[in-house]
Amino acid sequence: MRSRLHLGPLFTRSLGLGSLLLGCLLANCARPPSETSTAPTPPPASASAMSAEATPAAPTTPEPGAVQSNTAAAPVLAPEPAPEIPPDMALVSGGEFQMGADAEGEMDERPAHTVEVLAYLLDLTEVTNAAYATCVDAKVCRAASTLEDSHLTNGMAHVFRRPTHPVAGVSWDDAKTYCEWKGRRLPREAEWERAARGDDNRRYVWGNTEPDNKRHGVFGGKATTEPVGSYPEGKSAYGQLDLAGNVWEWVADDYDPFAYQRSTRQQGVPGSCAEIEAAQNQLRREGKQGYTGTNPIPAECEKVLRGGAYNYKVGGLRNSNRVHHPARFRIAVAGFRCARDIAPPRAPAKAAAAQED
């Protein structure tokens with residue numbers, strides 16, 4: 001029978017203290033200076049007795065006053081890149097703004113209400129004849145109307161066709177096709193008004209100063225369009241030019257006379273086509289012809305235009321003003337500009353790497 005080795009209490013205690021010391025060294029533990037210990041201090045020889053092979057690399061000594069934490073480091077997020085803004089566009093910041101009006105304009109502009117939109121990019125100017133022609137040359141877009149038979153050109157259709165003038169005589173579908181060809185889209189009605197309002201709820205695109213067609217834009221009974229961007233004093237808070245005047249601008253939305261009374265108004269979303277037609281029929285039954293402005297109450301789902309045109313009266317240039325036409329119309333007073341979404345932010349670096357694996 002193998003005899004069992006009996007260790008004395010003193011040796012056992014020494015062995016326990018040595019194990020404690022070894023564990024403490026490995027954990028880099030320390031007592032606060034004010035704390036006293038009742039255990040005897042192990043002799044230096046016990047530390048030097050450990051073999052070099054058994055001794056792990058000494059941890060880095062923390063700086064005086066440094067606080068150590070055992071909490072794992074949080075994942076490092078990749079920095080969000082600034083949106084890439086083409087030179088012909090400008091950023092319109094997202095957020096809440098007041099859309100519509102309470103005490104002026106037509107009833108389809110009421111009531112004023114809070115709408116929230118996401119940030120997006122919007123063309124600095126209306127799309128020009130020269131820019132639109134590139135889409136026609138690519139055999140993607142339909143050529144704009146010549147406007148030769150339009151009384152709205154005052155016998156000067158050739159002026160409307162100059163390369164630097166805004167393209168006119170294009171339908172809503174023509175405008176949509178061009179924007180999509182450019183990797184863009186038509187702005188929503190709420191987005192258009194956000195760009196015009198800025199953060200200060202201005203009445204006109206340039207501010208609250210009364211419109212002046214020698215300073216602010218192409219409007220107030222002028223006979224033709226003019227080169228885009230000719231009136232820098234009329235720019236919006238975000239830098240867009242000719243939001244008021246030159247040509248009315250097609251936007252993405254169906255025209256809904258009751259849009260500002262619906263439960264979706266805070267998102268800037270109109271009713272469905274069926275709801276819109278029901279609203280228009282109600283207005284006809286009630287004899288409310290002026291509810292939608294001077295144009296007749298529509299008999300179909302029409303599209304919204306914003307901003308006024310070269311021949312438009314100055315009183316109608318308020319940012320809340322809404323007009324409407326059938327999407328198929330190709331008229332001298334109607335053009336457009338494009339918008340674009342901002343790319344979504346990148347995923348955190350670790351998550352992105354995991355997806356790649």
Side-chain angles (χ1 to χ4, degrees), residues 88 122-137 141-175 178-179 186-187 192 195-196 204-206 209-236 240-251 293-295 303-319 321-338:
D88 62 340
L122 186 64
D123 285 352
L124 286 170
T125 69
E126 293 154 336
V127 174
T128 63
N129 286 304
Y132 188 80
T134 62
C135 185
V136 177
D137 292 343
C141 291
R142 176 175 59 160
S145 168
T146 65
L147 302 175
E148 290 293 345
D149 298 327
S150 174
H151 70 278
L152 294 170
T153 63
N154 299 300
M156 294 180 283
H158 64 285
V159 175
F160 287 75
R161 296 275 69 92
R162 289 174 178 170
T164 58
H165 285 228
V167 66
V170 289
S171 70
W172 182 89
D173 289 296
D174 294 334
Y178 174 87
C179 289
L186 286 173
W192 191 97
Y204 303 108
V205 172
W206 52 86
T209 305
E210 289 299 307
D212 181 347
N213 66 6
K214 294 180 176 61
R215 297 174 52 205
H216 298 134
V218 191
F219 49 74
K222 292 188 177 182
T224 69
T225 56
E226 295 181 22
V228 299
S230 296
Y231 295 85
E233 287 188 67
K235 69 181 179 182
S236 74
Q240 284 80 21
L241 296 155
D242 299 316
L243 275 176
N246 234 356
V247 287
W248 289 96
E249 299 178 11
W250 291 110
V251 297
T294 57
N295 289 337
K303 296 294 182 181
V304 177
L305 298 101
R306 287 300 201 108
Y310 57 92
N311 62 347
Y312 200 60
K313 59 186 183 296
V314 296
L317 295 172
R318 61 191 178 276
N319 288 331
N321 193 15
R322 311 170 69 204
V323 301
H324 49 91
H325 281 303
R328 62 185 177 275
F329 274 24
R330 286 155 57 90
I331 50 181
V333 295
F336 67 100
R337 75 179 71 215
C338 302

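Only this structure's heavy atoms are used, side chains among them; waters, hydrogens and symmetry mates stay out.
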Spacing of [X] atom [atom1] and [Y] atom [atom2] [to the nearest 0.5 Å]:
{"X": "L186", "Y": "R337", "atom1": "CG", "atom2": "CZ", "answer": "12.0 Å"}
{"X": "N154", "Y": "T224", "atom1": "CG", "atom2": "OG1", "answer": "8.0 Å"}
{"X": "T146", "Y": "R330", "atom1": "OG1", "atom2": "CZ", "answer": "9.0 Å"}
{"X": "H325", "Y": "W250", "atom1": "NE2", "atom2": "CH2", "answer": "7.0 Å"}
{"X": "N246", "Y": "N311", "atom1": "CG", "atom2": "CG", "answer": "11.0 Å"}
{"X": "C338", "Y": "Y178", "atom1": "SG", "atom2": "OH", "answer": "6.0 Å"}

Decide yes or no for [X] and [Y]: does some side-chain heavy atom of the first lie under 4.5 Å from some side-chain heavy atom of the second?
{"X": "R215", "Y": "T209", "result": "yes"}
{"X": "V205", "Y": "N319", "result": "yes"}
{"X": "R142", "Y": "S171", "result": "yes"}
{"X": "H216", "Y": "L317", "result": "no"}
{"X": "L243", "Y": "W206", "result": "no"}
{"X": "D174", "Y": "Y132", "result": "yes"}

* Audit row: R322, R306, side chain to side chain contact (heavy atoms under 4.5 Å, CB included) steps and yes/no -> CA-CA 6 Å; R322 311 170 69 204; R306 287 300 201 108; 3.8 Å; yes
* **Criterion side chain to side chain donor-acceptor pair (under 3.5 Å) against N129, the qualifying member of R161, R162, H165** => R161
* Is the backbone of G229 close enough, under 3.5 Å, to the side chain of D242 for a donor and an acceptor to pair up by distance? -> yes
* To do: Might you work through the side chain to side chain contact (heavy atoms under 4.5 Å, CB included) test for N213 and V314, ending with a clear yes or no?
  => CA-CA 8 Å; N213 66 6; V314 296; 5.8 Å; no
* Measure across D212 and K214 and return the closest heavy-atom pair with its distance rounded to 0.1 Å. => OD1-N, 2.9 Å
* Structure fact -> Heavy atoms of A144 and A168 approach each other most closely as CB-O, 3.6 Å
* Stepwise, does the side chain to side chain contact (heavy atoms under 4.5 Å, CB included) test hold for E226 with Y231? -> CA-CA 10 Å; E226 295 181 22; Y231 295 85; 2.9 Å; yes
* To do: Just do the side chain to side chain contact (heavy atoms under 4.5 Å, CB included) check on Y312 and N321 with the steps written out, would you?
  => CA-CA 12 Å; Y312 200 60; N321 193 15; 3.0 Å; yes
* Asked: Do the ring centers of F160 and Y310 come within less than 6.0 Å of each other?
  -> yes
* Assess the side chains of D137 and T134: does a donor N or O sit below 3.5 Å from an acceptor N or O? => no
* To do: Could I get the full list of side-chain contact (heavy atoms from CB on, under 4.5 Å) partners for A143, not counting sequence neighbours?
  => V136
